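Have a look at the structure below before the remarks.
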There are 2 protein chains.
Amino acid sequence: MGESSRIAGQDSLRADARRNRRRILSAARVVFAEHGINAPMATVARRAGVGVATLYRRFPTRDALVRAAFAHQMDTCARALTEALADPDPWQGFQRLVETVCELQREERGFPAAFVAAFPDSTREHARAREQAEQDFMTLVRRAQAAGVLRADFHPSDLAVALLSHCGLVTALPDDRAASRRLVAYLLQSFRAEAAHGALPAPSALSLRSLPLAAHDSQRQRSSGA
Amino acid sequence: MGESSRIAGQDSLRADARRNRRRILSAARVVFAEHGINAPMATVARRAGVGVATLYRRFPTRDALVRAAFAHQMDTCARALTEALADPDPWQGFQRLVETVCELQREERGFPAAFVAAFPDSTREHARAREQAEQDFMTLVRRAQAAGVLRADFHPSDLAVALLSHCGLVTALPDDRAASRRLVAYLLQSFRAEAAHGALPAPSALSLRSLPLAAHDSQRQRSSGA
DNA sequence: GGTCAAATGGACGATGTCGTCCGCTTGCCA
DNA sequence: TGGCAAGCGGACGACATCGTCCATTTGACC
């Protein structure tokens, strides 16, 4: 389920082109990790040992490159949700989900930026997967609430709140693992049923659908006009 | 105490220059709020109705402009700390501090960006004020812990964790007040002594000194060489 | 009103990034 | 092994932003 489906490209490419594509993605991860996802495209190309034209042919926009470069991490997120749902212990499932995504954000340089960049992602082709992810997460939440381990006033949008704020923290302090772990621990504790003391303010209207937790296809190849 | 001290400039300026300076700051707030703190300097100048040269003479770097534009908000942060310390109720003091700073981050567009930009601020002239702020905050923490309202394993660096993650959230979702309020409520709840359930991971090594909670001077005028 | 230093504005050269165009190379298949 | 479409690279023109320079204006003070 978490696997990237392929639309057309990549397999039908000539051998050298496929090799270059991999080189580009690998270079992109390194460069984005070091200089942020706004690093010059030419830097990525140079690092990959290809010309800029090759880079642009494969990935017409920076966005497409970013998506493809961090596709694996996105898939891991999606898989984490599936696994969380499969966990017999509802709290552990929930906790694992949050910890897995946050660990990914903490350890994979550049991924946080890609994560928030992908956030208001209204791409057509992902709509179905996202809807499914939202359903799954709501199931997870209800199950944990029914078991009395997740506080009753937890709202699905709180996941987005947690993940985005954590994203902000690791972006501001990419080297401070302790800070990240600390935040995750605080948040998870406050999500537990026992932590519910006073009333919370109204939840955000955020739709979970926009969170990059959905299994997602790799970037598509645009057909170069005939 | 929260007042900006003035080093030299601003009062000794000619009337028209002082007027332009105010115009520039006002324009900067608007432009930074709308386009982020990396908006072109020329945009700020145009909006202020002055030439770029005037802008650069007053604020030689973008950083200086950002600082000056949000000086008032920074002062409010500093004042919040003083007031927190003056509050007879240790928890309420602590809570008010967090809420005040976060509300500022939530309501003042552009301020979050300025806040994180100012974060690793090792400016010489602020050293004393920052050290004082750190002392004050540690006093606040100890007092609240002694009263049994703040969890014993709360570490001063957790304030930075809270503020930076909140900053990240409002940066990602500038229009979602509910999300911001929600995060603040969760964090405050998890800082309360009753919330302490399991053990937390080790605190960050972050120094509070780097947080923009210190009263700070307005930007200095550089003497045009001669 | 006259003087002068302070203040001004916008033109300008420098720099950096983008994305395309086009002539050359190379893998693939017969 | 030869033909050719797929693939390639880097030069190039367009564009945005920076920060300075300098001829001109203006406020302050006598």
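In the text below, chain A, chain B and the rest are named by the order of the sequence lines, each starting its count at 1. All figures in this text were calculated on a predicted structure; none of them were measured in a lab.
- Whole-Å rounding puts the A:R21 CZ to D:dC8 P distance at 12 Å.
- Rounding to the nearest 0.5 Å gives a distance of 13.0 Å between CG of A:L159 and CE of A:M138.
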Inset, instruction - Verify side chain to side chain donor-acceptor pair (under 3.5 Å) between A:S204 and B:D176, making sure each step is shown before the conclusion. - result: CA-CA 7 Å; A:S204 156; B:D176 195 336; 2.5 Å; yes
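- Under the 30°/60° scheme for interplanar angles, the aromatic rings of A:F154 and A:F94 are found to stand perpendicular.
- Atom-to-atom, CG of A:L55 to P of C:dT17 comes out at 14 Å; the value is rounded to the nearest Å.
- Computed from coordinates, the B:R23 CZ to C:dG9 C1' distance equals 14 Å when rounded to whole Å.
- Expressed to the nearest 0.5 Å, how far NE2 of B:H166 lies from CG of B:L187 amounts to 9.0 Å.
- Each end of the helix from C:dG1-D:dC30 to C:dA30-D:dT1 gets its own axis, taken as the rotation carrying the C1' atoms of four end pairs onto the next four within a five-pair window, and the two axes meet at 10° to the nearest 10 degrees.
- Side-chain nitrogen and oxygen atoms of A:R58 include at least one within less than 4.0 Å of the OP1 or OP2 phosphate oxygen of D:dC8.
- The separation between B:I24 atom CD1 and C:dA7 atom P is 12 Å, rounded to whole Å.
- With rounding to the nearest 0.5 angstrom, the CG atom of B:L65 is 12.5 Å from the CZ atom of B:R58.
- For the OP1/OP2 pair of C:dA7 and a distance below 4.0 Å, the side-chain nitrogens and oxygens of B:N20 include no atom meeting the criterion.
- Remark: aromatic rings of A:F191 and B:Y186 are close, center separation under 6.0 Å.
- Sorted by first then second residue, the salt bridge (charged side-chain N to carboxylate O under 4.0 Å, His left out) pairs that include residues 36-55 of chain B, not counting sequence neighbours, number zero.
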Inset, instruction - Do nucleotides 15-27 of chain D as a string where each nucleotide becomes B, S or -: B if the base has a protein heavy atom under 4.0 Å, S if just the sugar-phosphate does, - if no protein is that close. - result: --SSBBB----BS
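- Nearest heavy-atom pair across A:R62 and A:I37 is NE-O, 2.8 Å.
- Neither OP1 nor OP2 of D:dG7 sits under 4.0 Å from any side-chain N or O of A:T54.
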